[in-house]
There are 2 protein chains.
Amino acid sequence: MEKIQPRSLYLEVADRIRDLIEQGSLLPGEKIAEKALCETFGVSRTPLREALKVLTSEGLVENLPNRGSRVVRLTRRGVKNTYDVMGALEGLSGELACQHLTDADIEEIRRLHQLMLGHYQRQELAPYFEVNQQIHERILAASNNDVLIEMYNNLSQRVKRIRYSVEMGSANWAKAVADHEAMLEAIEARDGKRLGDILRAHLGHKLEVAAVSGIIDEE
Amino acid sequence: MEKIQPRSLYLEVADRIRDLIEQGSLLPGEKIAEKALCETFGVSRTPLREALKVLTSEGLVENLPNRGSRVVRLTRRGVKNTYDVMGALEGLSGELACQHLTDADIEEIRRLHQLMLGHYQRQELAPYFEVNQQIHERILAASNNDVLIEMYNNLSQRVKRIRYSVEMGSANWAKAVADHEAMLEAIEARDGKRLGDILRAHLGHKLEVAAVSGIIDEE
DNA sequence: TTTCCGTATTATGAATTCATTATTCAAATT
DNA sequence: AATTTGAATAATGAATTCATAATACGGAAA
């Protein structure tokens with residue numbers, strides 16, 4: 001029997017606004033009109049404002065006193081900072097994961113890796129990213145550290161709105177794939193230190209790609 | 001001329017509650033009675049509840065639907081997880097700091113280091129911790145990465161309520177001081193990689209100490 | 001006595017109301 | 001014409017009110 005989970009309205013609303021930001025319905029820098037959102041969601045201002053406060057402390061929204069809320073702008077520098085931290089967290093996830101990964105986990109990662117290689121060879125960008133992310137999620141989950149997972153997901157959410165350009169440089173792409181080859185080797189050897197180092201370095205490549213997208217403001 | 005900064009009430013309240021948790025007036029697991037807090041702060045429930053939601057997404061408070069809020073309990077495992085992540089973040093801060101530290105910064109850190117050594121030799125625990133923390137803060141600030149600083153401060157806040165036992169094992173203490181010696185060397189050599197590694201390893205020692213304190217629950 | 005049930009009380013969740021601060025826009029002054 | 005002033009409007013901030021769910025309590029039944 002499934003337990004019914006009473007969920008607060010403000011959490012529901014926060015999820016919905018997160019979606020709107022992620023999919024680009026609410027653009028960076030855009031002012032968030034409370035009244036309008038209340039009507040679209042069919043709730044009063046109280047839970048909506050509570051949700052906005054949560055999103056503010058998550059770094060997705062900013063609150064200007066007496067002047068309402070707006071979606072935070074992504075700056076090149078801010079995105080770089082975010083990726084740097086995500087890299088450090090991924091590095092830790094790799095080190096920890098090697099302590100917990102079961103043989104079945106590794107087999108599953110190997111499978112995903114091969115799948116990803118196929119997408120790379122056929123130059124299928126979207127499916128490639130999809131599987132790529134699944135691999136990183138597996139490693140993250142295997143870290144067995146919920147604080148780490150929480151932090152990473154928060155940062156990840158902040159940069160999710162960046163739509164990676166289809167024109168990912170082929171050199172970058174090749175480098176990323178090579179990183180993944182090395183990762184798999186480290187995982188199979190359960191060499192946490194090495195996996196950590198690879199992962200810490202791995203995220204660097206994404207940045208230049210991101211900068212191409214139009215969402216990022218120069219400061 | 002100083003600009004006057006209008007600050008939202010809910011932020012003020014959140015600060016105050018954070019203080020209460022940090023100083024132990026609100027204990028882990030304790031239920032937070034909204035009405036009572038409203039009276040002590042002299043505000044209505046609206047800003048107080050908004051503050052509680054912020055603290056919830058900061059990981060200091062948990063929200064049970066229809067049953068109010070409580071201060072999150074610290075488990076041994078949770079504290080370990082938090083320290084692991086803080087270690088990773090400190091490691092990054094070290095790497096980045098070496099790219100930005102000025103000669104004056106390093107001179108200042110050297111000064112603090114000597115100060116700290118003095119407290120160690122005289123076995124003055126509280127002042128030692130004080131200066132110790134200042135050193136880490138200097139490095140963190142020099143990272144020039146505000147996302148990193150924000151994340152670190154959040155995690156730091158979560159474990160601040162742990163009062164370190166006066167009986168810090170002398171072996172641990174000696175090890176910590178030795179780490180700091182190595183840190184200073186790496187800083188003077190501006191060897192980011194090395195400093196990062198030292199910092200990543202450094203935080204491990206605090207855990208056993210923390211476990212002694214009575215605030216931590218076994219799960 | 002212990003357990004169960006139902007009512008009374010209290011606390012929380014959410015909507016509404018009120019107060020205050022920005023914003024808009026037209027008129028007046030330079 | 002450009003800038004400034006001030007009233008009208010709209011939006012936000014916070015208190016209050018209302019609805020609903022949880023808790024506490026007291027009596028009845030086993």
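So you know, we letter chains A, B, ... as the sequences are listed, proteins then strands, and number each from 1. Note that these values count all heavy atoms, side chains included, but never hydrogens, waters or copies made by symmetry.
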Quick one: does any side-chain atom of [X] pair with a main-chain N or O of [Y] as donor and acceptor, under 3.5 Å?
X: B:R190; Y: B:L101; result: yes
X: A:N145; Y: B:N81; result: yes
X: B:T75; Y: B:G78; result: yes

Quiz item: For the residue pair A:G87 and A:R200, what are the closest heavy atoms and their distance?
Solution: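 Reported closest heavy-atom pair: O-CG, 3.4 Å.
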Provide a list of protein-nucleic acid N or O atom pairs under 3.5 angstrom, restricted to nucleotides 14-18 of chain C.
residue : atom : partner : partner atom : Å
C:dA14  : OP1  : A:L9    : N            : 3.2
C:dA15  : OP2  : A:S44   : N            : 3.0
C:dA15  : OP2  : A:S44   : OG           : 2.5
C:dA15  : O5'  : A:S44   : OG           : 3.3
C:dA15  : N7   : A:T46   : OG1          : 2.7
C:dT16  : O4   : A:T46   : OG1          : 3.4

Quiz item: Taking atom P of C:dA11 as reference, at what distance in whole Å does atom NZ of B:K35 sit?
Solution: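 From B:K35 NZ to C:dA11 P: 6 Å.
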Quiz item: Please give, in whole Å, the distance from D:dA11 P to A:L64 CG?
Solution: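 It is 16 Å, rounded to the nearest whole Å.
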Quiz item: Hey, does A:L48 reach any base, or is it just sugar-phosphate, or nothing, if we go heavy atoms under 4.0 Å?
Solution: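 Nothing: the residue A:L48, judged by heavy atoms under 4.0 Å, touches no strand.
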Practice problem: Using a heavy-atom cut-off of under 4.0 Å over every strand shown, decide if A:I32 touches base, sugar-phosphate, or nothing. | Solution: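 If one applies the 4.0 Å heavy-atom cut-off, A:I32 turns out to touch the sugar-phosphate alone, with no base involved.
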Quiz item: Passes side chain to side chain contact (heavy atoms under 4.5 Å, CB included), A:V159 versus A:M86? Steps please.
Solution: CA-CA 11 Å; A:V159 291; A:M86 286 174 75; 4.2 Å; yes
Self-check item: Stepwise side chain to side chain contact (heavy atoms under 4.5 Å, CB included) test for B:N132 and B:H180
Solution: CA-CA 9 Å; B:N132 184 323; B:H180 268 264; 3.6 Å; yes
Scan the side chains in residues 54-63 of chain A for donor-acceptor partners under 3.5 Å anywhere in the protein, sequence neighbours excluded, and list what turns up.
residue : atom : partner : partner atom : Å
A:T56   : OG1  : A:L52   : O            : 2.8
A:S57   : OG   : A:V54   : O            : 3.1
A:S57   : OG   : B:S57   : OG           : 2.5
A:E58   : OE1  : A:R18   : NE           : 3.0
A:E58   : OE1  : A:R18   : NH2          : 3.4
A:E58   : OE2  : A:R18   : NH2          : 2.9
A:N63   : OD1  : B:Y10   : OH           : 3.3
A:N63   : ND2  : A:S69   : OG           : 2.5

Just the table, please: protein N/O against nucleotides 21-24 of chain C N/O, every pair under 3.5 Å.
residue : atom : partner : partner atom : Å
C:dT21  : O3'  : A:N66   : ND2          : 3.4
C:dT23  : OP1  : A:R67   : NE           : 3.0
C:dT23  : OP1  : A:R67   : NH2          : 3.0

Self-check item: Side-chain donor-acceptor pair present, B:S156, B:N153, cut-off under 3.5 Å
Solution: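 No.
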